[in-house]
Number of protein chains: 2
Amino acid sequence: MAACCANTEPAERVIMPDDQSIVEIIQNEILRRICFLETPPGTQLKEAELAGEFNVSRTPVRDAISRISHLGLVETRNGVGSVVMALSPEAIRQVYAMRLELAPLIGTMSPRPITDDHRRLCDDLLDAALVLRVGFDPGRYIQINHRLHGLIADLIGNQSLRAFWWQTYYQAASTWHRLGHALGAEVAEALVSELREVGRALNSGDVAAIGHIQRVHIGYGFARIERHILTGP
Amino acid sequence: MAACCANTEPAERVIMPDDQSIVEIIQNEILRRICFLETPPGTQLKEAELAGEFNVSRTPVRDAISRISHLGLVETRNGVGSVVMALSPEAIRQVYAMRLELAPLIGTMSPRPITDDHRRLCDDLLDAALVLRVGFDPGRYIQINHRLHGLIADLIGNQSLRAFWWQTYYQAASTWHRLGHALGAEVAEALVSELREVGRALNSGDVAAIGHIQRVHIGYGFARIERHILTGP
DNA sequence: GACGGCATAGCTGTATGCAGCTTAGTTGGT
DNA sequence: ACCAACTAAGCTGCATACAGCTATGCCGTC
């Protein structure tokens, strides 16, 4: 569980002995808000404001924003501010193309062992998703997706792959979470299917299967995005 | 040529209209020094010292170091300093495993067109490598390798893949450049072979071939590292 | 009424000061 | 001679002040 090469990883360990610095806390919180659509594209991330919220000075906030700038989700311009950006349709396509390639590698590149915790979490998420199918709630949908992503990322043994998996997740999340608001029933149904398949693979102890399940459902998600959002290049 | 998702990319365009900030300049310079072994593992990166060198305050230097911290090549500890780290043998293995998977994708994920500039550069590099074969010079070896990497990265059309390609390059470079010092003749010979094959592929206009050539030679390089450096886990 | 220039408010970029932490060296005691 | 505690130096982490840039709204002019 080395911390190396795992910047964008929220490090939400079971026991969190406060070993992450203030900058990392702020960084992860900003990322979470972006992919949870709490700060949708167009929102200004004012350093002074965030500084007041976290009871720190502008310095750590500035550092946090600077660290996540490489994801392309935030653009900072001098004299103007840091604004949350929606990735261009072409960028989204490239991110998804990358995720389609990375997914099958989850099971082939030294995956980590499946534990009962993983199975339990998957069951819980499935229950939550079933509730979602009846009455859709965008916030809960995003949260379930997020925790499912964390579950799968936890099975990735290769540090580089795990870091890339998180990076592309954050880049893609904002866009297709926005889609969830539009067509709740469809994505809820898809999420239930995905969780059922993942649960089956977990019970079989087959991490490779999970990788391919991801590959399949990322493809479905991308098709939905292409259909409903992406119009221009 | 969007700047999105391309943090670790040195942006050494033909015309560099000074559009990169001071932080980015310092960031790229630090990374260059690390992978050129000018600041070998164990070296302390003192903020005040670098600040004096670039005629700025500690703030931008601090930001630059913070931005590259996610690569695992620098570890900053409070009260101690920022020290250049050698990746653990296991981390190196994982980075190489990742590069072996990424390489074939260069040709399949919307590669960019080959131009005469690419062919000319490859010829120049081959000439330089031939000279190297007679009298080996670690510094020149590293530089040729670096420019070859830049050439290949320039053929990658997918922004995510290009960013990952750069990230894993920096992570791997320091280690196998260290190896170059030890066995000059062998790596020089390998570099000549690689450049000849890349040149042939460029003349055929076959970017996919270049991806597979990379895959092959990364495998060779990794085997050399396993043989000569990696001993512990 | 419309347009151009200007002033002003607000943000980021940078410099600097200070507090806290770590380590190495030193000094005193046993 | 050895060990322990202490002291001082040096570094990072954070806070704050200021300079520079940008956008917006206002006012004067045509």
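In what follows, chains carry the letters A, B, and so on, assigned in the order in which the sequence lines appear, proteins first and then strands, with residues in each chain numbered from 1.
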Rounded off to whole Å, could you give me the [atom1]-to-[atom2] distance for the [X] and [N] pair?
X: B:Gln20; N: C:dG13; atom1: CD; atom2: P; result: 15 Å
X: B:Arg62; N: C:dG17; atom1: CZ; atom2: P; result: 17 Å
X: B:Asp63; N: C:dG13; atom1: CG; atom2: C1'; result: 10 Å
X: B:Phe54; N: C:dG13; atom1: CZ; atom2: P; result: 19 Å

Under 3.5 Å, is there a donor-acceptor pair linking the side chains of [X] and [Y]?
X: B:His146; Y: B:Tyr169; result: yes
X: A:Gln171; Y: A:Gln167; result: no
X: B:Thr39; Y: B:Arg33; result: no

Closest non-hydrogen atom pair between [X] and [Y], with its separation:
X: B:Val207; Y: B:Pro111; result: CG1-CB, 3.5 Å
X: B:His177; Y: B:Cys35; result: ND1-O, 2.5 Å
X: B:Leu87; Y: B:Leu71; result: CD1-O, 4.4 Å
X: B:Tyr170; Y: B:Leu73; result: O-CD1, 3.5 Å

Do B:Ile26 and B:Val56 come within less than 4.5 Å of each other through their side chains, counting heavy atoms only?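 Yes, their side chains come closer than 4.5 Å.
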
Does some side-chain heavy atom of B:Leu50 sit less than 4.5 Å from a side-chain heavy atom of B:Glu29?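 Side chain of B:Glu29 against side chain of B:Leu50, heavy atoms only: no contact under 4.5 Å found.
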
Contact boundaries on DNA chain D for chain B, cut-off under 4.0 Å to non-hydrogen atoms: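 Listed 5' to 3', the contact boundaries are D:dG10 to D:dG13.
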
Is the phosphate of C:dT14 approached by B:Thr59 (side-chain N or O, under 4.0 Å from OP1 or OP2)?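 B:Thr59 to C:dT14 OP1/OP2: no side-chain N or O under 4.0 Å.
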
Can a donor-acceptor pair be found, under 3.5 Å and without considering hydrogens, that links the side chain of A:Gln94 to the backbone of B:Gln159?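 It does hold such a pair.
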
Polar side-chain atom of B:Asp63 near backbone of B:Thr59 as donor-acceptor pair, under 3.5 Å: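 Such a contact is absent between B:Asp63 side chain and B:Thr59 backbone.
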
By a strict heavy-atom criterion of less than 4.0 Å, which residues belonging to residues 38-48 of chain A are in contact with DNA chain D?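 Result for residues 38-48 of chain A: none.
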
Within residues 75-86 of chain B, residues whose heavy atoms come under 4.0 Å of DNA chain D: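 Per residue number, the list reads B:Thr76, B:Arg77, B:Asn78, B:Gly79, B:Val80, B:Gly81, B:Ser82.
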
